[in-house]
Amino acid sequence: MKRRNFIQNTALMGAALLYNPSDIFAYNADFPIVRPALAERKFSSKAVEAAIKAFKAGVADKEQAWLFENCFPNTLDTTVFHSNVNGRPDTYVITGDIDAMWLRDSCAQVWPYLPFVHDDQKLATLIAGVINRQAQLIIRDPYANAFFKDGNTESEWKSDMTEMRPGVHERKWEIDSLCYAIRLAHAYWVKTKDKKPFDAEWERSIRLILQTFKEQQRKTDRGPYHFQRETAKPTDTLPMEGFGFPVKPTGMICSMFRPSDDATIFPYLIPSNFFAVVSLKQAAEMVTALRNDAELAKSLLTLADEVQAGLDKYAKYQHPEFGEIYAFEVDGMGNRYLMDDANVPSLLALPYLDAMPVSDPVYQNTRRFCLSDSNPFYYKGGKFEGIGGPHVGKDQMIWPLSIIARGLTSTDPQEIKHCLQMLKASHAGTGFMHESFLKDDPAKFTRSWFAWANTIYGELLWKVFKENPSLLKS
């Protein structure tokens with residue numbers, strides 16, 4: 001099904017029916033049981049269950065505890081399909097209400113579980129399976145953003161005017177898809193020291209990532225990728241015969257779509273290029289240590305330097321109100337788009353991706369811009385404020401992802417508490433986060449089952465619980 005079609009107005013009883021029909025009467029009026037019963041869960045982690053128990057015991061706010069119990073394990077409960085294929089772990093991860101595996105979403109969904117792998121070998125193996133499958137998917141098509149479990153499945157988007165291959169759900173070229181795969185692999189390796197996923201197949205995927213990034217620097221031509229779709233939504237297709245608007249070569253990498261799966265206007269998407277610099281350096285570190293390939297590492301670092309030089313020259317803009325800030329998109333010819341989108345990578349979330357410290361003065365100026373009405377996709381209602389984007393249409397829909405990113409990148413306890421209060425008030429009785437909600441009415445939301453939002457919300461709650469639990473008081 002189409003991502004944007006999952007618009008739900010789920011009532012309290014409806015949520016309970018959706019997630020656990022057998023327990024429809026086993027709840028009190030305030031906090032219904034909406035988590036799947038143990039026998040219905042896709043995967044169970046003893047370490048994650050221990051974290052839930054600790055959170056519930058240590059947080060007096062029962063609603064926050066209920067939300068953590070529902071949201072943090074949601075990826076494991078409902079979206080992972082783990083097995084062994086040819087003696088290796090393999091994990092297919094759907095986004096929730098769409099039966100397809102996005103490279104970005106699947107990484108982001110399991111990322112918050114990495115701190116727990118030392119206490120749960122099964123959980124570590126599950127994440128190794130995600131890394132293995134992602135390498136296979138990148139080899140299948142490094143330009144695709146989402147894939148099916150079955151490599152022969154035909155997509156509803158088979159008529160898209162691009163090189164659609166069997167097993168590809170959608171072929172929107174997004175830099176962050178490949179960056180996320182590196183991010184997860186690097187963090188897993190650092191935490192576990194497990195070398196098994198990083199074999200010749202994984203190295204082949206890294207070489208394809210490097211090749212794809214270099215093709216999309218567009219130094220001499222437009223590269224092999226093009227994409228068009230017959231649609232009434234201009235954000236779902238690309239102009240100029242499917243190659244997007246022209247750019248001047250800068251060393252940066254063109255991304256034809258954003259992390260929202262919406263088309264870029266100016267193809268140098270700044271948050272994703274910052275993410276690429278981090279990822280290329282991580283990949284270089286790994287191929288040196290794990291594959292003993294100094295030549296490949298050098299190529300990765302050379303590209304990282306080229307992208308960084310392009311960012312240094314073209315990414316900044318002197319704003320009349322906020323001072324020097326980062327633009328969202330540029331074309332290398334002096335044109336720029338000043339905005340931010342809710343999906344990660346975003347300008348707001350750059351420190352979360354280790355692209356820069358929170359204290360960076362240009363980032364701080366940019367942060368103030370993103371959280372102001374100078375950002376065309378910043379919305380503020382009576383109780384809620386946050387960033388949305390064009391993906392869900394013209395209504396002023398705030399994405400919980402943006403509020404979560406704000407909380408994860410804040411050093412101000414009062415700002416973090418404000419984010420927690422907004423998120424707690426946004427679930428509309430369902431016990432879960434959503435893709436977006438109307439700025440003055442959280443009962444009007446999109447996607448009742450969006451695992452990334454649930455799990456990263458749990459990541460924020462756990463971070464606050466460990467670092468400043470007093471903020472979780474009701």
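As a basis for the values below, the full set of heavy atoms in this structure was taken, side chains included, without hydrogen atoms, waters or symmetry mates.
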Do we see a donor-acceptor contact under 3.5 Å between the side chains of [X] and [Y]?
| X | Y | result |
| --- | --- | --- |
| S255 | Q216 | no |
| T264 | R258 | no |
| D331 | Y337 | no |
| N454 | W449 | no |
| D412 | S410 | no |
| H169 | E156 | no |
| T78 | R41 | no |
| E329 | Y268 | no |
| S45 | D120 | yes |
| S470 | N468 | yes |

Open item on the list: For the residue pair R229 and W157, would you count it as a cation-pi contact if the rule is NZ or CZ under 6.0 angstrom from the ring centre and within 45 degrees of the ring axis?
Closed with: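 Yes, a cation-pi geometry.
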
Open item on the list: Is the positively charged end of K122 above the ring of F43, judged by distance under 6.0 angstrom from the centroid and angle within 45° of the axis?
Closed with: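 Yes, a cation-pi geometry holds between K122 and F43.
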
Distance check, rounded to the nearest 0.5 Å: [X] atom [atom1] versus [Y] atom [atom2]?
| X | Y | atom1 | atom2 | answer |
| --- | --- | --- | --- | --- |
| K316 | E324 | NZ | CD | 4.5 Å |
| Q396 | Y379 | CD | OH | 6.0 Å |
| T446 | F437 | OG1 | CZ | 10.5 Å |
| K191 | H186 | NZ | NE2 | 11.0 Å |

Could [X] and [Y] be called an ion pair, given the rule that one side-chain N must be under 4.0 Å from one carboxylate O?
| X | Y | value |
| --- | --- | --- |
| R367 | E415 | yes |
| D176 | R183 | no |
| R406 | E385 | yes |
| D97 | R447 | yes |
| R35 | D77 | yes |

4.5 Å side-chain heavy-atom contact, [X] and [Y]:
| X | Y | answer |
| --- | --- | --- |
| W173 | N145 | no |
| F328 | L347 | yes |
| V344 | Y180 | yes |
| S106 | Q134 | yes |
| V85 | Q136 | no |

TODO: Can you label the angle between the F68 ring and the W462 ring as parallel, tilted or perpendicular, going by 30° and 60°?
DONE: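 Parallel: the ring planes of F68 and W462 meet at under 30°.
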
Task: Enclosure of K380 NZ (heavy-atom neighbours >12, cutoff 6.0 Å) - done: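 Not buried by this count: 12 neighbours or fewer within 6.0 Å.
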
Open item on the list: Can you confirm whether E154 is buried at CD, in the sense that more than 12 heavy atoms of other residues, nucleotides or ligands lie under 6.0 Å from that atom?
Closed with: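 Atom CD in E154 is not packed in, count stays at 12 or less.
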
TODO: Evaluate the side chain to side chain contact (heavy atoms under 4.5 Å, CB included) criterion for residues V464 and K417: first the C-alpha distance (whole Å), next the side-chain angles of each, then the deciding distance (0.1 Å), finally the verdict.
DONE: CA-CA 9 Å; V464 175; K417 187 171 184 178; over 6 Å; no

Open item on the list: Could you walk me through whether D150 and Y92 satisfy the side-chain hydrogen bond (donor to acceptor under 3.5 Å, both in side chains) test, starting with their C-alpha distance in whole Å, then the side-chain angles of each, then the deciding distance to 0.1 Å, before giving a yes or no?
Closed with: CA-CA 10 Å; D150 180 353; Y92 175 73; over 6 Å; no

Task: The single option from F450, F31, F432, W66 passing ring-ring contact (aromatic ring centres under 6.0 Å, His included) against H427 - done: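 With H427 as partner, ring-ring contact (aromatic ring centres under 6.0 Å, His included) holds for just one option, W66.
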
- [ ] Report the C-alpha separation of F322 and T366 in whole Å, then their side-chain angles, then the decisive distance to 0.1 Å, and conclude whether the side chain to side chain contact (heavy atoms under 4.5 Å, CB included) test is met.
- [x] CA-CA 7 Å; F322 299 98; T366 306; over 6 Å; no

Open item on the list: Among E69, E63, E49, which residue satisfies the salt bridge (charged side-chain N to carboxylate O under 4.0 Å, His left out) criterion with K56?
Closed with: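 It is E69; the other options fail the test.
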
TODO: Apply ring pair (Phe, Tyr, Trp, His ring centres under 6.0 Å) to the pair F257 and F227, showing each step before the final yes or no.
DONE: CA-CA 10 Å; F257 288 89; F227 180 98; 5.2 Å; yes

Open item on the list: Under the criterion side chain to side chain contact (heavy atoms under 4.5 Å, CB included), I'd like the reasoning laid out for F148 against I94: C-alpha separation, chi angles, the key distance, then a yes or no.
Closed with: CA-CA 9 Å; F148 294 110; I94 64 174; over 6 Å; no

- [ ] Go through K172 and D236 one step at a time and tell me if the salt bridge (Lys or Arg N to Asp or Glu O under 4.0 Å) criterion holds.
- [x] CA-CA 9 Å; K172 289 181 172 178; D236 268 350; 2.8 Å; yes

- [ ] Return yes if some donor-acceptor pair links the side-chain N/O of S279 with the main-chain N/O of I182 below 3.5 Å, else return no.
- [x]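 Checking the backbone N and O of I182 against the side chain of S279, no donor-acceptor pair under 3.5 Å is found.
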
- [ ] Mind running side chain to side chain contact (heavy atoms under 4.5 Å, CB included) on N335 and F245 for me, showing each step along the way?
- [x] CA-CA 12 Å; N335 299 303; F245 289 120; over 6 Å; no

- [ ] Quick one: list whatever passes side chain to side chain donor-acceptor pair (under 3.5 Å) with Y352, sequence neighbours left out.
- [x]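 Partners of Y352 by the side chain to side chain donor-acceptor pair (under 3.5 Å) criterion, ordered by chain and then number, come out as E459.
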
Open item on the list: Using salt bridge (Lys or Arg N to Asp or Glu O under 4.0 Å), reason through D99 and K149 one step at a time and then give a plain yes or no.
Closed with: CA-CA 9 Å; D99 186 6; K149 185 177 184 181; over 6 Å; no

